[in-house]
Amino acid sequence: MTIQLINQELLDETSRKAAETPRLRMNYNIHNRLDDPVNRMLNALDPGTYLCPHRHLTPPKTESYVVLRGELDALIFDDNGNLIQKITLNPETGNYGIDIPAGVWHSMIVKQPGTVIYEVKEGPFTPIAHEDFAPWAPKPDDEIAIKAFLNS
């Protein structure tokens, strides 16, 4: 049995790696295998990263995350792409995290450099199905639409 310590050093290292990537984010898996029944990870995120609105319906999975440091806006959409809820998460303000039921369209906008979340999702790992990416959202290669999305 290996105990995984989540400390300042691990958050700093994961954040440093995120800042060096074009996508401005980096995962650090806590779970040992992709087929674990529960996937647990750190996600280090910097402002400017784009997380295409998506849902976890194929297969259905609940997703939870807690902000360990930094700030982000969690965005919840209806099936037509209308923003129905925006929740600012920042541990310094007492809003720590959210639990998103399976099938709910969601994304986030990162507000502070060095933001790190602890994410938990049902396993085993499966890539997000094509039909679970929002058809009304900017495509990953549409820089103008992404910039507008991130500034909305």
Side-chain angles (χ1 to χ4, degrees), residues 1-56 58 61-77 81 83 86-100 104-152:
M1 172 172 42
T2 302
I3 303 299
Q4 175 67 60
L5 178 62
I6 299 169
N7 59 14
Q8 188 71 38
E9 183 179 324
L10 180 58
L11 271 57
D12 289 346
E13 177 65 16
T14 309
S15 289
R16 183 189 61 72
K17 289 178 180 177
E20 293 173 352
T21 68
R23 293 174 47 186
L24 299 172
R25 66 179 186 258
M26 177 62 62
N27 285 2
Y28 178 88
N29 288 349
I30 306 294
H31 55 281
N32 292 318
R33 299 178 357 188
L34 294 179
D35 64 348
D36 278 357
V38 179
N39 290 174
R40 302 157 327 274
M41 67 202 81
L42 298 177
N43 273 328
L45 310 144
D46 273 345
T49 191
Y50 174 61
L51 291 101
C52 183
H54 63 282
R55 62 184 178 184
H56 302 282
T58 315
K61 295 183 180 196
T62 299
E63 179 178 8
S64 300
Y65 53 87
V66 175
V67 177
L68 300 177
R69 71 173 183 200
E71 182 175 282
L72 60 85
D73 288 337
L75 308 175
I76 307 298
F77 302 93
L83 181 66
K86 178 169 96 172
I87 306 161
T88 300
L89 301 176
N90 180 327
E92 293 181 10
T93 65
N95 283 345
Y96 300 101
I98 61 172
D99 184 72
I100 304 165
V104 172
W105 296 106
H106 61 283
S107 183
M108 65 178 72
I109 296 178
V110 179
K111 305 304 247 182
Q112 290 182 6
T115 294
V116 180
I117 64 173
Y118 182 82
E119 182 178 340
V120 178
K121 196 174 345 182
E122 297 167 67
F125 169 77
T126 53
I128 298 173
H130 175 74
E131 61 268 24
D132 285 342
F133 284 105
W136 37 261
K139 303 300 178 229
D141 60 350
D142 189 342
E143 293 180 24
I144 294 171
I146 288 171
K147 188 171 185 172
F149 177 86
L150 293 175
N151 291 321
S152 62

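Atom set for the values below is all heavy atoms of this structure, side chains included, hydrogens, waters and symmetry mates excluded.
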Any [X] side-chain heavy atom under 4.5 Å of [Y] side chain:
X: N90; Y: K111; value: no
X: L10; Y: L5; value: no
X: V104; Y: R55; value: no
X: V38; Y: H31; value: no
X: Y65; Y: I98; value: yes
X: Y28; Y: V116; value: no

Distance, nearest 0.5 Å, that separates [atom1] of [X] from [atom2] of [Y]:
X: L150; Y: K147; atom1: CG; atom2: NZ; value: 10.0 Å
X: I117; Y: E119; atom1: CD1; atom2: CD; value: 5.0 Å
X: T115; Y: R25; atom1: OG1; atom2: CZ; value: 13.5 Å
X: S64; Y: I100; atom1: OG; atom2: CD1; value: 7.5 Å
X: L45; Y: M108; atom1: CG; atom2: CE; value: 6.0 Å
X: Y118; Y: L11; atom1: OH; atom2: CG; value: 12.0 Å

For the residue pair [X] and [Y], what are the closest heavy atoms and their distance?
X: P53; Y: A137; value: CD-CB, 3.5 Å
X: P124; Y: N39; value: C-OD1, 4.0 Å
X: P91; Y: Y96; value: O-CE2, 3.5 Å

Can you tell whether the side chains of E13 and R16 come within less than 4.0 Å, N to carboxylate O?
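Yes.
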Please determine whether a side-chain nitrogen of the Lys or Arg among D35 and R33 lies less than 4.0 Å from a carboxylate oxygen of the Asp or Glu.
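Yes, this pair counts.
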Backbone N/O of [Y] and side chain of [X]: donor-acceptor pair under 3.5 Å:
X: Y50; Y: F149; value: no
X: S107; Y: C52; value: no
X: H106; Y: H54; value: yes
X: T49; Y: D46; value: no

Would you say [X] has more than 12 foreign heavy atoms packed within less than 6.0 Å of its [atom1]?
X: K17; atom1: NZ; answer: no
X: E20; atom1: CD; answer: yes
X: E131; atom1: CD; answer: yes

Run the side chain to side chain contact (heavy atoms under 4.5 Å, CB included) check on L24 and V110 step by step: do they pass?
CA-CA 10 Å; L24 299 172; V110 179; over 6 Å; no
Side chains of H56 and E122, donor plus acceptor under 3.5 Å:
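On atom types as modelled, these side chains do not qualify, holding no pair under 3.5 Å.
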Can you classify the ring geometry of W136 versus W105 as parallel (below 30°), tilted (30 to 60°) or perpendicular (above 60°)?
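Perpendicular.
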For the pair D12 and R69, evaluate side chain to side chain contact (heavy atoms under 4.5 Å, CB included) and give the outcome as yes or no after the intermediate values.
CA-CA 11 Å; D12 289 346; R69 71 173 183 200; 2.7 Å; yes
Take T93 and T88 through the side chain to side chain contact (heavy atoms under 4.5 Å, CB included) test and state the conclusion after the steps.
CA-CA 9 Å; T93 65; T88 300; 5.8 Å; no
